[in-house]
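Below, chain A is the first sequence line, B the second, and so on; all start at residue 1.
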Protein chains: 2
Amino acid sequence: MGVTIKDIAKRAGVSVTTVSRALNGYKDIRPETRERILRIAEELNYRPNAVARSLVMKKSQTIGLIISELTRSRTGHDLTFNIICGVNDRATEAGYDLVLSTTDPSRQEQVPYMELCRRRQLDGVILMGMRTDDPYLKEVVESSVPCVLIDVPLVGDKCGHVTLDNERGARMAVEHLIAEGHREIGMINGHAQAFVSLERLNGYRNALKEAGIEYRPEKVYFGDFEEASGREGIRHLLSRFPEMTAVFCASDTMAIGAIRELKDLGRRVPEDISVMGFDDIELASFVTPALSTVSQPVYEFGRKAVDLLIRMFDGEIGTAEVLEPKLEIRESTAPPAL
Amino acid sequence: MGVTIKDIAKRAGVSVTTVSRALNGYKDIRPETRERILRIAEELNYRPNAVARSLVMKKSQTIGLIISELTRSRTGHDLTFNIICGVNDRATEAGYDLVLSTTDPSRQEQVPYMELCRRRQLDGVILMGMRTDDPYLKEVVESSVPCVLIDVPLVGDKCGHVTLDNERGARMAVEHLIAEGHREIGMINGHAQAFVSLERLNGYRNALKEAGIEYRPEKVYFGDFEEASGREGIRHLLSRFPEMTAVFCASDTMAIGAIRELKDLGRRVPEDISVMGFDDIELASFVTPALSTVSQPVYEFGRKAVDLLIRMFDGEIGTAEVLEPKLEIRESTAPPAL
DNA sequence: TTGTAGGCGTTATCAA
DNA sequence: TTGATAACGCCTACAA
């Protein structure tokens with residue numbers, strides 16, 4: 001079907017070796033023959049067969065993007081999508097193809113991600129959406145194929161990660177609330193199986209501490225990043241701490257849930273209570289009131305992940321890429337009423 | 001590095017042929033040897049090398065998902081993402097890997113998508129985001145690799161598509177407006193290079209016609225699906241037809257733009273003017289007022305696309321899969337004021 | 001500067 | 001029921 005170097009060789013009256021050399025830009029070849037071969041390749045509209053090449057080179061020029069529970073959670077959509085874009089753009093620029101794959105906790109047991117790597121001879125892998133209790137995690141670190149984790153702070157010889165300075169982001173958010181005069185600040189956190197939850201909690205605590213405000217664990221509700229848990233969280237917190245004037249949420253989705261619940265409860269945002277989100281998803285600026293939040297450069301996450309991976313291909317060891325958050329103050333936060 | 005059938009053969013004291021047969025479930029093999037081989041494969045943690053297999057089988061068990069301008073337009077994100085999910089889920093179920101690829105109009109010239117197909121020996125391709133004037137279109141139809149187009153109504157021997165009944169969707173939307181009592185209805189359409197724009201325009205015209213309302217081309221503004229053009233569109237229309245009491249937009253994003261512009265103009269939605277969207281993106285139910293719109297089963301688009309592709313692998317010819325829209329009435333539409 | 005030969009891991013065609 | 005042997009398309013010593 002397709003044109004092969006054999007066809008070119010025949011037509012050019014040389015051996016396949018020579019064709020291969022010419023095509024791959026080797027210099028031990030007479031300029032004339034080289035020209036001729038290139039011309040013929042052009043004429044025949046030759047395209048190298050990446051599959052055959054991969055087989056012999058043991059490199060596929062392909063990186064895998066493995067996403068845990070792609071479809072499942074509604075929350076991550078915006079984030080996930082932008083990371084995909086970043087990964088895709090950078091990979092394309094660098095001449096790599098991208099294979100997309102997903103795992104469910106259930107499916108993971110049976111078909112570990114390493115299988116994909118070996119099966120397709122992936123040069124490297126980017127993983128996102130993994131929980132701290134994910135059975136894959138150890139497999140990843142021990143693995144011999146270079147991998148980059150998103151939001152999982154592991155570093156190894158051939159394993160790096162890119163993440164946000166989540167502690168700092170959370171701290172900035174709470175500091176802002178404090179600067180506006182709040183002192184009774186609750187937190188609706190993500191689930192404890194996400195690294196970012198822990199880090200954001202630290203940021204919350206540190207901000208309180210610096211301001212001389214006592215940290216009380218009961219003021220932190222653990223949700224699951226989704227809207228419903230934002231609603232539950234705010235009700236839970238409010239029933240116990242009616243004096244609360246502000247709440248910091250570990251995701252915009254939960255913040256939106258909280259705002260909606262507050263509306264149902266007849267409380268005004270931000271007049272009665274300020275709500276701060278995290279992520280800066282597209283929705284954040286469209287809801288009413290527009291959400292104050294912490295913005296993460298997610299598209300950049302994707303690009304950096306590919307960069308890091310490629311550097312590991314070139315022999316570097318894994319590193320941690322920590323990107324900076326940015327505070328995005330909109331309408332859902334304000335000084336507390338007197 | 002990896003375990004190959006050769007290793008298994010050696011260990012089992014048989015030839016690679018036998019191993020291959022055993023592994024692939026051929027039946028002309030003695031049960032004992034078969035068991036033994038399987039056991040050894042298990043012990044050695046053997047994984048077939050898909051690359052080698054692809055080379056000889058001339059099939060890669062891989063389908064390509066090619067998206068035009070993935071990053072570029074903000075509009076399609078939600079739609080695009082859900083289609084990706086659908087494609088991914090169905091492909092995984094069916095045992096296909098997915099390679100993601102994007103094209104820019106600029107890049108398209110140099111690296112036609114066919115190259116990817118040949119390079120990676122893709123079994124088939126799903127294309128989305130293509131415009132009617134896309135130079136690729138003819139390449140696609142002429143191509144020998146099976147392909148499925150999203151929202152481009154082409155059918156061929158090895159080419160099918162999945163789309164929405166856009167005419168019907170638009171008609172339903174406008175009929176609803178008419179049923180509520182509107183007679184002065186404008187339209188903010190997408191750009192003319194999208195097939196869906198044409199079909200939605202037809203739906204708008206047909207609904208008017210059936211209701212005995214004169215169709216006037218000047219009442220249709222051609223935008224580009226993005227928010228800004230929704231703002232422009234509504235201003236343009238309103239300046240010419242101040243009597244307008246409702247507007248039908250060919251995308252939610254434009255509808256949201258229109259609503260925002262109306263707010264800036266001091267007009268209330270839906271009291272002063274009703275706004276109907278199209279797509280039912282996530283945002284639609286979160287904005288204020290919540291958007292009345294036409295919902296498309298995008299996730300299903302993705303799944304159907306893969307289904308269709310696989311059927312073509314099995315010898316069927318390309319067909320058209322037309323899915324049904326659903327009206328989603330929320331708060332942005334209401335009967336006109338007297 | 002060029003060609004020969006071998007191999008990458010699999011499957012497939014024939015014999016045996 | 002099994003095993004040589006030859007592909008698949010490409011790359012790379014090694015030889016010429």
Output a table of nitrogen or oxygen pairs between the protein and nucleotides 10-12 of chain C separated by less than 3.5 Å.
| unit_1 | atom_1 | unit_2 | atom_2 | d |
| --- | --- | --- | --- | --- |
| C/dT10 | OP1 | B/Y46 | OH | 2.6 |
| C/dT10 | OP1 | B/N49 | N | 3.1 |
| C/dT10 | OP2 | B/I5 | N | 2.8 |
| C/dT10 | O5' | B/Y46 | OH | 3.4 |
| C/dT11 | OP1 | B/N24 | ND2 | 3.1 |
| C/dT11 | OP1 | B/R53 | NE | 3.0 |
| C/dT11 | OP1 | B/R53 | NH2 | 3.2 |
| C/dT11 | OP2 | B/S20 | OG | 2.8 |
| C/dA12 | OP2 | B/Y26 | OH | 3.0 |
| C/dA12 | N6 | B/T17 | OG1 | 3.2 |

* Looking at residues at least two apart in the chain, or sitting in another chain, which of them share a side-chain contact (heavy atoms from CB on, under 4.5 Å) with A/E93? ->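 Scan of A/E93 (side-chain contact (heavy atoms from CB on, under 4.5 Å), adjacent residues dropped) gives A/R90, A/R303.
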* Set of side-chain contact (heavy atoms from CB on, under 4.5 Å) partners for A/E43, sequence neighbours left out ->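 Result, side-chain contact (heavy atoms from CB on, under 4.5 Å) vs A/E43: A/R11, A/R39.
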Within this structure, what is the [atom1]-to-[atom2] distance between [X] and [N], rounded to whole angstrom?
| X | N | atom1 | atom2 | result |
| --- | --- | --- | --- | --- |
| A/K59 | C/dC8 | NZ | P | 18 Å |
| B/R119 | D/dC10 | CZ | P | 13 Å |
| A/R118 | C/dC8 | CZ | C1' | 16 Å |
| A/K58 | C/dG9 | NZ | C1' | 9 Å |
| A/D28 | C/dT1 | CG | C1' | 7 Å |

* Divergence of helical axes at both termini of the helix from C/dT1-D/dA16 to C/dA16-D/dT1 - five pairs an end, 10° steps ->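 Overall, the helix from C/dT1-D/dA16 to C/dA16-D/dT1 bends by 40° from one end axis to the other.
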* To do: Name all residues meeting the ring pair (Phe, Tyr, Trp, His ring centres under 6.0 Å) criterion together with A/F313; count only those two or more places apart in sequence or in a different chain, and write none if there are none.
  =>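 By the ring pair (Phe, Tyr, Trp, His ring centres under 6.0 Å) rule, A/F313 matches A/Y96.
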For [X], what residues pass the side-chain hydrogen bond (donor to acceptor under 3.5 Å, both in side chains) criterion, not counting sequence neighbours?
| X | value |
| --- | --- |
| A/S54 | none |
| B/E300 | none |
| A/D151 | A/T163 |
| B/N24 | none |

* Between B/D97 and B/T62, does any side-chain donor sit less than 3.5 Å from a side-chain acceptor? ->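 Their side chains do not contain a donor-acceptor pair, so the 3.5 Å distance test is not met.
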* Are A/K27 and C/dT1 close enough that a side-chain N or O sits under 4.0 Å from OP1 or OP2? ->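 Result: no.
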* Is B/I37 close to B/I40 at the side-chain level, that is, under 4.5 Å between some pair of heavy atoms? ->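 Contact flag for B/I40/B/I37 side chains = no.
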* To do: Report which part of the nucleic acid A/V51 touches: base, sugar-phosphate, or nothing (heavy-atom distance under 4.0 Å, all strands).
  =>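 No contact.
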* Heavy atoms under 4.0 Å, any strand shown: does B/T33 hit a base, just sugar-phosphate, or nothing? ->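 Sugar-phosphate only.
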* Asked: Taking the nucleotide of DNA chain D with the closest heavy atom to each, which residue, B/P31 or B/Q121, is nearer the 5' end?
  ->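 Result of the comparison: B/P31.
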